[in-house]
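Report on the following structure.
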Amino acid sequence: MIDDRMAGDSFRLGFRFQRHWDTPMAGAFFCGEVGAGLFLVSMLFGQLPGMLAGLAIATLGKGILHLAHMGLPGRSWRAILRPDRSWVSRGLIAIVVLAASGTLHVAHVLGGGGDWLGTALGTMAGAAAVLVMTYQGFAMSHSAAIGLWSTAMMPFASLLYAATSGVVLTLLLHRLPESAPADDTLVAAAMVLLPALLIMLASMLHAAYHGSPGARLSAELLMRGRYAAAFHGTVLAIGLIVPLAALALGADSTFARLLAAAGVLTGFYAFRVLVFKAGVYEPVMSF
């Protein structure tokens, strides 16, 4: 049995779940990546409502959930002091840059835009958004003690989920009057990104199953252990199959777009929570 290998709170040797990052941090990661993805895609397609919503989700949503997780919020600003050695520090700087340059870019667009200043602000905000979309994956991949996380697939998972969320939300917001005519491009992007997510998940589980003993245990927990029902039912079925079917059968329907967006976001959030819950520490020694 899988659970027989878990040491739990006992003093015997075995695998132990990590519980330092749990649901609040999963929500913070989710908000940061969804918000940055929505801002970037909306900016590329000239959709102002999506840019505003993306900024709010990435800055306010992520910030509030991070503060809820911290034991000493008053000292949290110190995380920005080590950009040379910490992805958390680089990510915090990126969020600050995104909030500042993104807000100025939106104000410039509202004022007419169209000159070199708008291009410079847009480029700065877009680069910061890409960093916010990926840095959390890089931070997780540095966790050598947790085999499931210590893989190059983690940054790709962050980027792909953030981009897919941004595309399906922008596609939904396209119904607003201010939206740009980009339906076909957005639908095509969604139909490419959703299968890419499936390939990424299969690659992540394959690498974990053939990796360290702890990574293999995490893969088993997701595939046939205590988290299998949530992984197969929510991450795969609701998060990938439902959006693909909805867009394939009725991309012009507002209901289909709403169903696709809801499915992707539900699957993404479930992925974030389950990757945290299935992460296990390797035993400190083995015989």
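FYI, side chains are in, hydrogens and waters are out, and symmetry mates aren't considered; it's all heavy atoms of this structure.
- Looking only at distances, a side-chain donor or acceptor of Gln18 sits under 3.5 Å from a matching main-chain atom of His20.
- Follow the hydrophobic side-chain contacts under 4.5 Å out from Phe39 and you reach Leu48 in the same cluster.
- Phe15 CZ to Leu221 CG: the interatomic distance, rounded to the nearest 0.5 Å, is 10.0 Å.
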Residue pair Met153, Leu201: steps toward the side chain to side chain contact (heavy atoms under 4.5 Å, CB included) verdict: CA-CA 9 Å; Met153 294 308 301; Leu201 290 171; over 6 Å; no

Working for side chain to side chain contact (heavy atoms under 4.5 Å, CB included), residues Lys62 and Gln136: CA-CA 12 Å; Lys62 180 177 175 62; Gln136 295 169 142; 2.3 Å; yes

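- When all heavy atoms of Ala99 and Leu55 are compared, the pair lying nearest together is CA-CD2, 4.5 Å.
- Inter-residue side-chain proximity for Tyr269 and Thr23 is flagged as met; some heavy-atom pair is nearer than 4.5 Å.
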Any chance you could lay out the side chain to side chain contact (heavy atoms under 4.5 Å, CB included) test for Arg90 and Tyr135, step after step, and finish with the verdict? CA-CA 8 Å; Arg90 296 165 195 155; Tyr135 89 90; 5.7 Å; no

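- Shown here is Phe276, whose CZ atom has more than 12 heavy atoms of other residues, nucleotides or ligands within 6.0 Å.
- In terms of heavy atoms, Ala128 sits closest to Ala94 at CB-O, 3.6 Å.
- Salt bridge status for Glu33 with Arg272: present, with a side-chain N to carboxylate O gap under 4.0 Å.
- Nearest heavy-atom pair across Leu38 and Ala53 is CD2-CB, 3.9 Å.
- Note that CG of Leu98 is 10.0 Å distant from CG of Leu131, once rounded to the nearest 0.5 Å.
- With hydrogens and angles disregarded, a donor-acceptor distance shorter than 3.5 Å links the side chain of Asp115 to the backbone of Gly118.
- Nearest approach of Gly250 to Ala256, heavy atoms of both residues: O-CB, 2.8 Å.
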Cut-off 3.5 Å, no hydrogens considered: what does the side-chain donor-acceptor table look like for residues 189-200, sequence neighbours left out?
none

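- Judged purely by distance below 3.5 Å, without hydrogens or angles, the side chains of Tyr209 and Arg216 pair a donor atom with an acceptor atom.
- The hydrophobic cluster containing Val275 also contains Phe17, counting ILVMFWY residues as joined when their side-chain heavy atoms lie under 4.5 angstrom apart, directly or transitively.
- His232 places no side-chain N or O within donor-acceptor distance of the main-chain N or O of Ala237, the cut-off being under 3.5 Å.
- Between the Arg19 side chain and the Lys277 main chain, a donor and an acceptor come within less than 3.5 Å of each other.
- Rounding to the nearest 0.5 angstrom, the gap separating the OG1 atom in Thr170 from the CD atom in Gln47 is 5.5 Å.
- If you run side chain to side chain contact (heavy atoms under 4.5 Å, CB included) between Leu169 and each of Val264, Thr164, Leu186, Leu265, only Leu265 comes through.
- Hydrophobic clustering, with ILVMFWY side chains joined whenever heavy atoms are under 4.5 angstrom apart, groups Leu236 together with Leu222.
- The shortest distance between side-chain heavy atoms of Thr185 and Phe45 falls below 4.5 Å.
- The backbone N or O of Met140 sits less than 3.5 Å from a side-chain atom of Ser143, completing a donor-acceptor pair.
- A distance of 6.0 Å or more separates the ring centres of Tyr161 and Phe30.
- In this structure, the separation between CD1 on Ile57 and CG on Leu60 is 10.0 Å, given to the nearest 0.5 Å.
- The OG atom of Ser158 sits 7.0 Å away from atom CZ of Phe271, with the distance rounded to the nearest 0.5 Å.
- Partners of Thr59 according to the side chain to side chain donor-acceptor pair (under 3.5 Å) rule, which considers only residues two or more places apart in sequence or in another chain, do not exist here.
- Here the shortest heavy-atom pairing between Val235 and Gly267 reads CG2-O, 3.9 Å.
- Under the 3.5 Å distance criterion, the side-chain polar atoms of Arg257 are matched with a main-chain donor or acceptor of Leu171.
- As a member of the Ile/Leu/Val/Met/Phe/Trp/Tyr network built from side-chain separations under 4.5 Å, Leu259 groups with Val242, Phe255.
- No donor-acceptor pair closer than 3.5 Å links the side chain of Ser150 to the backbone N or O of Ile146.
- Distance OG1/Thr103 to NE2/His108: 14.5 Å, rounded to 0.5 Å.
- If you chain together hydrophobic residues whose side chains sit under 4.5 Å apart, Leu104 and Val97 never meet in one group.
- Listed here is the closest heavy atom pair of Gly147 and Ser212: CA-OG, 3.9 Å.
- The hydrophobic cluster containing Ile238 does not contain Phe231, counting ILVMFWY residues as joined when their side-chain heavy atoms lie under 4.5 angstrom apart, directly or transitively.
- The environment of NE2 in His206 is sparse: at most 12 heavy-atom neighbours from other residues, nucleotides or ligands sit within 6.0 Å.
- Using a distance-only test at 3.5 Å, with no hydrogens or angles considered, a donor-acceptor pair links the side chain of Ser218 to the main chain of Ala278.
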